[in-house]
Amino acid sequence: MAEKKRLKDLTVWQKAYIPEIAKGLALTLKTMFKPKFTMEYPEVKFLPPSSYRGRPVLVEEAGGEERCVACGLCARVCPALAIEVQAAETEREKERYPERFEINMLRCIFCGFCEEVCPEEAIVMSKDYEMVFNNREDAIYGKDKLLVSVSQLQDRINFLRSHK
Amino acid sequence: MLIDFILIPLVKILIIVVLMLLTVSYSVYFERKISAWAQNRIGPNRVGPAGIFQPFADVFKLLFKEDIVPKVANKPLHTLAPILALFVAFTTYAVIPIGPPVEIFGKMINLAVVDVNSGVLLVLALTSLGVYAITFSGWSSGSKYSLLGGVRSSAQMISYEISMGFSVAGVLIFAESLRPSDIISSQSGWMWNAVLQPIGFLTFLTASFAETNRLPFDLPEAEPELVGGYHTEYSSMKFAGFFLAEYANMIIASAMIVMLYLGGWQVPYIETLGLSAGLQASLQIAAFFVKIGALLFFFIWVRWSIPRFRYDQLMDLGWKVMFPLSLLNLVWAAILAMIMN
Amino acid sequence: MPKFTLDGNEIEFKPGETIIEAAKKVGVDIPHFCWHPSLSVSGNCRVCLVEIEKMPKLAIACSTTASEGMVVHSQSEKTLSARNAVMEFLLINHPLDCPICDEAGECKLQDYAYQHSKGESRFTEEKVHKDKRVPLGPNVMFDGERCISCSRCIRFADEITKTGELTFVQRGDRVTIVTFPGKEFDNAYSLNVTDICPVGALTNRDFRFKARVWDMSATKTICSGCARGCNIEVWVRNNEILRLTPSQNDAVNSFWMCDYGRLETFKQVHSNERINGVYMKREGQDVKVSWDEAYANAASELKHLNKDQIAVIASASSTCEDNFMLAKFAKSVLSTKHVDYIPHVVPGSGDDLLIREDKSPNAFGTELAGVHPAAGGLNRDAILDGVKKGTIKALIVVDEDLAAMSPEMETALAKLDVLIAVSTHHNRTTALANIIFPSATYAEKNGTWVNFQGRIQRIRPAVTTLEADRTLDNLAQSRLDKFGTEYDRWGRSVKLDARPVWKIFAGLSTAFGNKMKYTTAEDVLIDMGKSIDAFKKLDYEKIGEQGVQLELSAKVKA
């Protein structure tokens, strides 16, 4: 950072103000002709890296079943109270499954704590950043919207494993 | 008679108004574009190719917005203020000639709506009226932010009008007339007032920035401190009125600078090229618009380069720097006029 | 009293006490799995090993009796490393399925693993696999892999219920728990083993996977199942009761409660038959009206009746406060002498552990609060007779389904001029009532119950009604209760429009022009203490967590 200057520290040239204005104008003029970095969304889409924390999703195994065992740790750790889980019993080997799993996307702050705390690697942050809803009810994502097959999430899962 | 006094002025008014509205809306567009470029962005690019229809989209949006009037507002004045602002901005344009007199269908037509012999005074008087619009809006909104904006505006305008007036005086010494066309013709060749009286040019330019409330003199608006200043409590088309008036004022100021200091529609030594009268006139008109365009660009460019003054700095500059400088310029102009005569 | 030194502090003990008992009294918790204060000592988990000076080896604190001058170290290096070793052994075959296990959050093994374990296992071999999800009985589910073989459940069945259904089979790391052949673990107290099981091996089949422990709030209150008045905790999430667990009160229920009380008493609180809002009969239809309208109507209908034609039937499930207010209303506002309640005694249904024959939680308290016929008044049988004969024209009935007693009774009730039912649920009597006031259940109100021993105990609201507020009325709050908004699905819990009985009769009394100046149930209790000796100088603070034995005069005892 530039050193802070008081009025008394300025030279006469600087006090005259006009040359300094000219310098400023020159800078902005120069900038006007520099190449722009704007990404023209939605024509050009941002492809997030695997470290990106997008919409949290539930991992769906190849068999179409969720990995989640509804332990409720994500709901407990969620600082925004966005997650609600209702467990129920199932005949599967893992006795427990989420009968209802809801994330209120209006509450979610994309901190990724749920992903970090999940003992089953069942909830991960996807690369999806396009979320649109017209009312508060639609913003509550249920299992139908949350389940994403494991093959689509491999990138993130590998990232998580490499940073354990 | 009918043609001379009614039809021709009416056509002129129509042309000027349409021209003004278009220029105003496109200066908004360019403002946004230039600001974007200066900040390494692209700027509006959604409405039409490269966003060229953005001004229309903006206008439609503003038209469809709800007009909100604060409960405690003084309704007549609250409504009057934006109308006054627009009226002043557009009326001023009547006296500014955009080119030399041309002959159309055998009639000599003056390329100003009216060429009055006290044109410069009229402009100064009308632009001063603009301060009422801002003061009214500030007072009638019933909001402390608006009021502060209005008060600041009147103080600022009064302060800078003085240096503006004295700068103009320097020009008048050379033109020996208040008539715009005379002022322009007094600057033939390279005898532009900007060259002869650089100090006057500088003070007038600065004062124009202050009079149009453009950055670095936009204290009446001052978003960070006053929310939106005098137009905080305005919405919909009333807000658009102020918005358009600001840009119209910018165009007036540019036109005034061109007229007073940059030789108006004159192009140096164009007569020596031996062009036909029509072509020469068109080139001169084009030159006028190019000059205005360059100044508008300058206005915008300065806005996105220089931060706002503090209020005391503004007053210091106005009274302790600009006013003495304009006086100095008056003396200089007088001496110069004596020598040249 | 003799003394010994524990971690540098001298502590007193009673001769015969073990180290763990003496330590517990001064608030030092020596880790333990198999030891339970009310079960015999088995000493098989070994986690309570402590270092005792001049003893050659570490000793288990649960079976070593304290003696004068003993110097015990529960935090020494040797003790801690022994504890770590024991934890490591216990965790060798314990599955890492805390995310699935219901015990997580209230699991002793989990807690001690945090406190006393290294956090990693050196055991890389395959864990022993045992039977999972074995139903031991109708209510209890067993998971063999999670069991750490502490034998608490076996000792419970042997010593507390004396039914002895459970036993260990196999040896070494294959040891597991089964019921004896041909037997089922179905005694009346079977679910207590899910409370004493230090891990998630025994779980409540009714509550399995319903909620996480940390998502619920727990409210200490009293079981409504019988006159025993077992101390319980009510576990609530989203304003819904999910389970009941017993809480310790040595004078009443020790650590236990019966399965009936645990499973059957709370479901009625959320039944679909609950009455929501005040109803009045208009042209044969029940129409929802406002409280004030119903009060005014009830008052105007009762006012022009002869006071000898009005009778009041109270409930032994209501609190003392409710019944005191009701008796006061009947005797001073209605001026009727016919006030009584109907007892619910099922002969032969009791046992000598906890379950009582009297199924009402507050029959004793109801009588103490003044619900009995005034001199010359009709008692319960006479009132019911009067209804049948038609000499009683108006009846106020609180939480009793009189119409279900007999068809004859039902027709008699239908013929009454005025039938005002104060009830928690819709039933055949409310179907006949002119006015129905919705009353709050035991889980929705403050109050006191007097159990069969004459012990007065507090009930506390765990579920909110429309007029109550979790924060303002000091109800237990879970995490979600503190932060929910109406836009969160979990914030939209069902709240019924119901009031405690005492409040309903205070309102009715006001409608009669007889204002009662009570704002809380405690006010009623304090007022009650002024006129009834048994309740003298009592308030809720005095009753406290464990209740107070009432001082009863000889006359009342008889």
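What's counted below: heavy atoms across the whole structure, side chains too, no hydrogens, waters or symmetry copies. Chain letters run A, B, ... following the sequence lines, proteins first, then strands; residues in each count from 1.
Ion pairing of B/Arg46 with A/Glu43 is present here, as a side-chain N (NZ or NE/NH1/NH2) and a carboxylate O approach within less than 4.0 Å.
The environment of CZ in A/Phe113 is sparse: at most 12 heavy-atom neighbours from other residues, nucleotides or ligands sit within 6.0 Å. Counted within 6.0 Å of CZ on A/Phe110, heavy atoms from surrounding residues, nucleotides or ligands total more than 12; the atom is thus considered enclosed. Counting non-hydrogen atoms of neighbouring residues, nucleotides and ligands closer than 6.0 angstrom, the CG atom of A/Asn134 reaches no more than 12 such neighbours. The number of heavy-atom neighbours closer than 6.0 Å to OH of A/Tyr129, taken from other residues, nucleotides and ligands shown, is above 12. Other residues, nucleotides and ligands contribute over 12 non-hydrogen atoms within 6.0 Å of the CD atom of A/Glu130.
Scanning both residues, A/Thr28 and B/Trp304, for their nearest heavy atoms gives CG2-O, 3.4 Å. Across all their heavy atoms, A/Lys36 and B/Ile42 have their closest contact at CB-CG1, 4.2 Å.
Distance check, rounded to the nearest 0.5 Å: CD1 of B/Ile306 to OH of A/Tyr17 gives 5.5 Å.
Side-chain contact between B/Asn40 and A/Met32: absent, with no pair of heavy atoms (C-beta onward) separated by less than 4.5 Å. Considering only heavy atoms from C-beta on, A/Thr31 stays 4.5 Å or farther from B/Gln39 through its side chain. Using a 4.5 Å cut-off on side-chain heavy atoms (C-beta onward), A/Lys34 and B/Trp37 make no contact.
Ranked by heavy-atom pairs under 4.5 Å with chain B, the list A/Ile21, A/Leu25, A/Thr38, A/Ile18 is led by A/Leu25. Heavy-atom pairs under 4.5 Å with chain A peak, among B/Pro216, B/Ala36, B/Ala38, at B/Ala38.
Looking at A/Leu29, both its backbone and its side chain come within 4.5 Å of chain B, counting heavy atoms on both sides. Contacts between B/Val321 and chain A at a heavy-atom distance below 4.5 Å are absent for every atom of the residue.
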